[in-house]
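In what follows, a structure is listed as structure tokens, so that the remarks can point back to it.
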Amino acid sequence: MQPLYEDNHLIIVHKQAGEIVQGDKTGDTPLSDIVKQYIKEAYAKPGNVFLGVVHRLDRPVSGAVVFARTSKALSRLNDMFRNGEVHKTYWAIVEKPQSRSAVSPIRVGETVTLTHWLVRNERQNKSYAYDREVPAAKKAVLDYQLIAEGDRYLLLEIHLHTGRHHQIRCQLAHVGLPIRGDLKYGARRSNPDGSISLCARSVAFTHPVSHQPVSVVCPVPDEPLWAALTAATH
């Protein structure tokens with residue numbers, strides 16, 4: 001567990017792919033418990049440690065996760081996430097399409113906006129994208145930019161306008177850009193460690209208590225393809 005930022009009211013940590021943010025039916029130790037133990041030991045806290053979960057990342061995704069250390073910060077951060085006042089940037093390695101589609105960026109730096117309607121299937125733990133509104137669907141909007149290109153893969157930077165279940169994974173796959181390793185959404189093969197090549201790269205917001213700017217950048221996975229593609233962005 002790697003802290004990226006911490007103060008009396010909040011802590012931002014680097015979640016590794018494979019970790020769960022909150023406890024679930026698997027019974028695996030969640031990241032929230034690991035962070036609580038870290039705070040207890042680092043600050044010699046007696047008794048139970050307060051830690052509020054304000055957002056989550058899918059288990060196979062890595063990146064920055066924000067936790068609240070006080071109830072005041074938790075309440076305010078919940079409102080900020082709900083109101084779109086927390087700005088998150090994602091990086092994804094996607095499979096290069098065999099042919100350039102209408103939505104694929106032509107040049108590095110060009111922005112593409114995707115708008116779909118997503119329907120979540122709880123039993124499959126999967127979302128399905130539609131090009132028009134259908135019953136039970138929720139509108140999903142994101143922007144992406146091509147920031148680096150390799151022989152077989154593209155590196156995209158993504159900004160969400162809405163927060164839907166598996167939104168990035170589902171929308172990119174729908175337009176022929178499945179995330180590397182994401183078998184659930186059409187990737188050709190899995191990653192050896194079970195991850196998918198999606199990283200919550202950065203998070204920025206106004207501190208809920210001090211009102212000072214907070215901006216954190218998370219390292220990308222320590223893996224050759226990530227290193228090669230990110231090097232091409234400099």
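Please read these numbers as outputs of a predicted model, since none were measured by experiment.
Remark: side-chain polar atoms of Lys45 are not paired, donor with acceptor, to backbone N or O of Gln37 under 3.5 angstrom. Side-chain atoms of Thr162 come within 3.5 Å of backbone atoms of Val141 as a donor-acceptor pair (strictly under, hydrogens ignored). A donor-acceptor pair under 3.5 Å links the side-chain atoms of Asn121 to the main chain of Arg123, judged by distance alone. Within the 3.5 Å criterion, the main-chain N or O of Ala140 finds no donor-acceptor partner in the side chain of Arg164. In terms of modelled atom types and a separation under 3.5 Å, the side chain of Lys126 and the main chain of Lys184 share a donor-acceptor contact. Between the side chain of Asp7 and the backbone N or O of His9 there is at least one donor-acceptor pair closer than 3.5 Å. In this structure, Thr113 contributes its side chain and Asp143 its backbone to no donor-acceptor pair below 3.5 Å. Checking side-chain atoms of Gln22 against main-chain N and O of Val53 turns up no donor-acceptor pair under 3.5 Å. Under a 3.5 Å cut-off, the side chain of Glu149 and the backbone N or O of Leu154 do not form any donor-acceptor pair. Put simply, the side chain of Lys139 never gets that close to the backbone of Thr115: no donor and acceptor are under 3.5 Å apart.
Ion pairing between Asp79 and Arg82 holds under the 4.0 Å rule for side-chain N and carboxylate O. Salt-bridge annotation for Arg201 and Glu157: absent, with no side-chain N of the basic residue lying under 4.0 Å from a carboxylate O of the acidic one. Between Arg59 and Asp28 a salt bridge is recorded (basic side-chain N to carboxylate O distance below 4.0 Å).
The environment of Asn48 atom CG is sparse: at most 12 non-hydrogen atoms of other residues, nucleotides or ligands sit within 6.0 angstrom. Atom NZ of Lys138 has 12 or fewer heavy atoms from other residues, nucleotides or ligands within 6.0 Å.
Separation of atoms NZ (Lys88) and CZ (Phe81) is listed at 5.0 Å; rounding is to 0.5 Å. To the nearest 0.5 Å, atom NE2 of residue His14 and atom CG of residue Leu31 are 10.5 Å apart. In this structure, the separation between CZ on Arg69 and CG on Leu77 is 13.0 Å, given to the nearest 0.5 Å. Taken from CG in Leu198 to OG in Ser62, the straight-line distance is 7.5 Å, to the nearest 0.5 Å. Between the CD1 atom of Ile179 and the SG atom of Cys199 there is a distance of 11.5 Å, given to the nearest 0.5 Å. Between the CD1 atom of Ile93 and the CG atom of Leu177 there is a distance of 13.5 Å, given to the nearest 0.5 Å.
Between Leu51 and Tyr38 there is no side-chain heavy-atom pair separated by less than 4.5 Å. Counting heavy atoms from C-beta outward, Thr230 and Trp91 have side chains that approach closer than 4.5 Å. The side-chain heavy atoms of Val66 and His55, taken from C-beta on, include a pair separated by under 4.5 Å. Counting heavy atoms from C-beta on, the side chains of Ile39 and Phe50 never come closer than 4.5 Å. Side-chain atoms of Asn125 and His165, non-hydrogen and from C-beta on, do get closer than 4.5 Å to each other. Side-chain atoms of Arg180 and Leu225, non-hydrogen and from C-beta on, do get closer than 4.5 Å to each other. Put simply, the side chain of Val214 reaches to within 4.5 Å of the side chain of Ile12, judged on heavy atoms. By the 4.5 Å heavy-atom criterion applied to side chains, His159 and Thr111 are not counted as neighbours.
The ring pair (Phe, Tyr, Trp, His ring centres under 6.0 Å) analysis of residues 192-226, with sequence neighbours excluded, yields no pairs.
Partners of Glu19 under the side-chain hydrogen bond (donor to acceptor under 3.5 Å, both in side chains) rule, at least two apart in sequence or in another chain, do not exist in this structure.
No chain of hydrophobic side-chain contacts below 4.5 Å, direct or via other Ile, Leu, Val, Met, Phe, Trp or Tyr residues, connects Val220 to Val217.
Between His166 and Ser127, the side chains place no donor N or O within less than 3.5 Å of an acceptor N or O (distance only, hydrogens not considered). Checking Glu85 against Thr206 by side-chain atom types alone, no donor-acceptor pair falls below 3.5 Å.
Considering Val112, Ile168, Leu160 in turn, Val112 is the only one that fulfils the side chain to side chain contact (heavy atoms under 4.5 Å, CB included) rule with Tyr144.
The minimum heavy-atom distance between Ala64 and Val203, with the atom names listed, is CB-CG1, 4.2 Å.
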